[in-house]
Amino acid sequence: MIRYLIKNNFKLMFRNTWSVVVMLLGPILVIAVLSSAFSELMKSYEGVDEFAVGYRIQEVAEDNLMIETVKVAGEEAGILFYEYPQGEIKDVMEKNELAGFVEFSEGTYVIYTSADYEVEGITLEYFMNKVMNVGVNASLQLQEQEKIVLPVEELEFMPAVDSKDYYGIAYIVYFCWCGMICATGVLSNEKKYGIVRRFQVSNISELQNYLGKFIPITLTVTVGMAIATTITVLLYDIHWGNSILSMLIVFMMILAGAALGMMLYNISDSLVITIIIQFTIVWFMGFFGGSFETYMFSSTSDTLKHLSPIYHSNRALVELSCMGESNYVASAVGYSLVITVVCSTIAILAGCIRKRGRA
């Protein structure tokens with residue numbers, strides 16, 4: 001009997017072709033728009049090449065020691081220091097195409113930068129701050145050593161993520177949670193032709209009735225997302241990383257989204273209310289989960305982010321894409337599994353209560 005329900009519900013869903021088309025074309029169009037709009041925002045930083053900087057010092061012993069330390073460290077960092085004892089600093093910089101200029105005096109220094117070398121200027125300021133705070137103090141204390149070794153910090157970081165990769169993943173995730181729209185053909189026909197009342201006098205259990213809708217919804221959304229993902233990969237060269245784990249996470253979200261929708265429908269007994277509530281819930285989960293603003297740049301608190309299952313899924317999939325691994329895979333799958341089980345249980349219980357009330 002359940003096979004008959006699944007087959008019949010598949011037919012009803014595909015008669016309502018606009019909902020299937022929305023699920024198919026929606027993510028493709030949104031990914032195209034947002035990945036292009038935010039391409040500059042997410043463009044990765046590119047380091048500068050070797051550049052020249054001028055300097056000028058007073059004839060003080062400490063200053064001579066200072067500049068020698070700075071020059072040695074500068075060569076290792078790709079910053080070449082050349083002395084220009086005479087002339088206006090601005091004219092010297094323009095004439096010799098210098099990215100910056102450092103004027104040393106006793107115990108202090110002043111940095112001049114050019115608007116044409118903005119990145120180099122920032123690099124020079126950061127370099128001088130680090131060297132003067134660490135390297136020079138060390139050189140004054142250890143003048144007998146031939147070379148001063150500056151401490152190096154190794155920072156953990158996530159590789160840069162392209163906007164097409166990020167939004168190409170994030171909106172597949174987002175639309176997975178909107179799969180209930182595919183069930184509009186089934187649910188509207190049940191209301192229109194009184195199919196629910198026929199089920200009440202049949203031997204069909206509420207579990208069979210639930211699975212008869214749940215399975216077609218999940219399979220339809222799965223196929224739709226697979227097609228949308230394939231198209232976006234071919235069109236925009238989106239990288240998904242670990243294919244098996246990525247497919248598992250996406251499929252679990254499809255299950256959770258369908259279960260959430262079925263629970264809301266069995267409780268409200270209204271398709272309109274179900275769509276409104278579910279889309280509102282998904283919007284908030286997406287807002288805190290990085291669907292609209294990338295989770296890397298989001299200013300919302302980590303507590304709110306971690307309450308959203310979309311955050312766990314987005315982060316797991318994006319990290320799999322750029323690093324090949326993620327600590328969020330387990331939480332993304334687990335979160336979706338809990339939602340699927342809990343929502344399915346509530347949906348079946350709500351259906352049983354409604355069936356008894358109408359009996």
Side-chain angles (χ1 to χ4, degrees), residues 5-6 8-31 34 170-197 199 206 209-225 227-228 250-289 291-292 307-310 313 335-336 339-340 342-351 353-355:
L5 286 174
I6 293 172
N8 195 54
N9 286 335
F10 263 124
K11 290 180 180 179
L12 291 174
M13 275 194 290
F14 282 99
R15 284 179 186 175
N16 195 7
T17 54
W18 70 269
S19 61
V20 179
V21 171
V22 167
M23 287 299 299
L24 182 62
L25 296 182
I28 298 173
L29 297 177
V30 174
I31 289 167
L34 291 185
Y171 274 91
I172 293 296
V173 171
Y174 188 82
F175 275 85
C176 284
W177 287 88
C178 301
M180 194 62 184
I181 195 173
C182 292
T184 53
V186 176
L187 302 179
S188 60
N189 275 282
E190 281 188 351
K191 289 284 188 181
K192 184 177 180 180
Y193 297 108
I195 299 175
V196 175
R197 293 191 178 185
F199 287 155
E206 189 57 35
N209 187 25
Y210 176 81
L211 292 176
K213 300 185 186 76
F214 181 78
I215 293 174
I217 293 171
T218 56
L219 291 179
T220 302
V221 177
T222 299
V223 173
M225 290 300 101
I227 295 173
V250 171
F251 181 67
M252 291 304 299
M253 285 186 298
I254 292 172
L255 295 179
L260 175 63
M262 288 299 299
M263 180 192 73
L264 294 173
Y265 180 76
N266 281 6
I267 291 173
S268 67
D269 196 30
S270 170
L271 180 58
V272 174
I273 294 175
T274 298
I275 296 298
I276 292 173
I277 295 176
Q278 180 163 13
F279 276 48
T280 302
I281 292 172
V282 172
W283 189 91
F284 276 102
M285 290 195 303
F287 179 79
F288 293 114
S291 295
F292 314 114
L307 289 175
S308 170
I310 288 181
S313 302
Y335 214 150
S336 297
I339 292 173
T340 302
V342 172
C343 289
S344 296
T345 302
I346 295 174
I348 293 170
L349 291 175
I353 293 170
R354 178 166 286 107
K355 187 175 182 179

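For the single chain, residues carry numbers from 1 onward in sequence order.
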Are the side chain of T220 and the backbone of P216 linked by a donor-acceptor contact shorter than 3.5 Å? yes
How long is the gap from CD1 on I339 to CE on M252, to the nearest 0.5 Å? 9.5 Å
Do any N or O atoms from the side chain of Q278 and from the backbone of G257 form a donor-acceptor pair under 3.5 angstrom? yes
Aromatic centroids of Y171 and Y174 separated by under 6.0 Å: yes
How close do S344 and Y210 get, counting heavy atoms only, and between which atoms? OG-OH, 2.6 Å
Kindly indicate, with the supporting measurements, whether the criterion side-chain contact (heavy atoms from CB on, under 4.5 Å) is fulfilled by L255 and F214. CA-CA 8 Å; L255 295 179; F214 181 78; 3.9 Å; yes
Quick check for you: to the nearest 0.5 Å, what is the distance between M180 atom CE and L260 atom CG? 9.0 Å
Could you walk me through whether M262 and I217 pass the side-chain contact (heavy atoms from CB on, under 4.5 Å) test, one step at a time? CA-CA 10 Å; M262 288 299 299; I217 293 171; 4.0 Å; yes
Report the residues that fulfil side chain to side chain contact (heavy atoms under 4.5 Å, CB included) with L307, sequence neighbours left out, ordered by chain and then residue number. L304
What's the verdict on side-chain contact (heavy atoms from CB on, under 4.5 Å) for E206 and N266, showing C-alpha distance, side-chain angles and the deciding distance? CA-CA 11 Å; E206 189 57 35; N266 281 6; 4.1 Å; yes
Where is the tightest heavy-atom contact between M253 and S313, given as atom of each residue plus distance? SD-OG, 3.0 Å
Are W283 and F279 close enough that their ring centers fall under 6.0 Å? no
Could you check if a side-chain atom of I181 sits within less than 4.5 angstrom of a side-chain atom of W18, using non-hydrogen atoms only? yes
Can you tell me how far CD1 of I254 sits from CH2 of W177, rounded to the nearest 0.5 angstrom? 11.0 Å
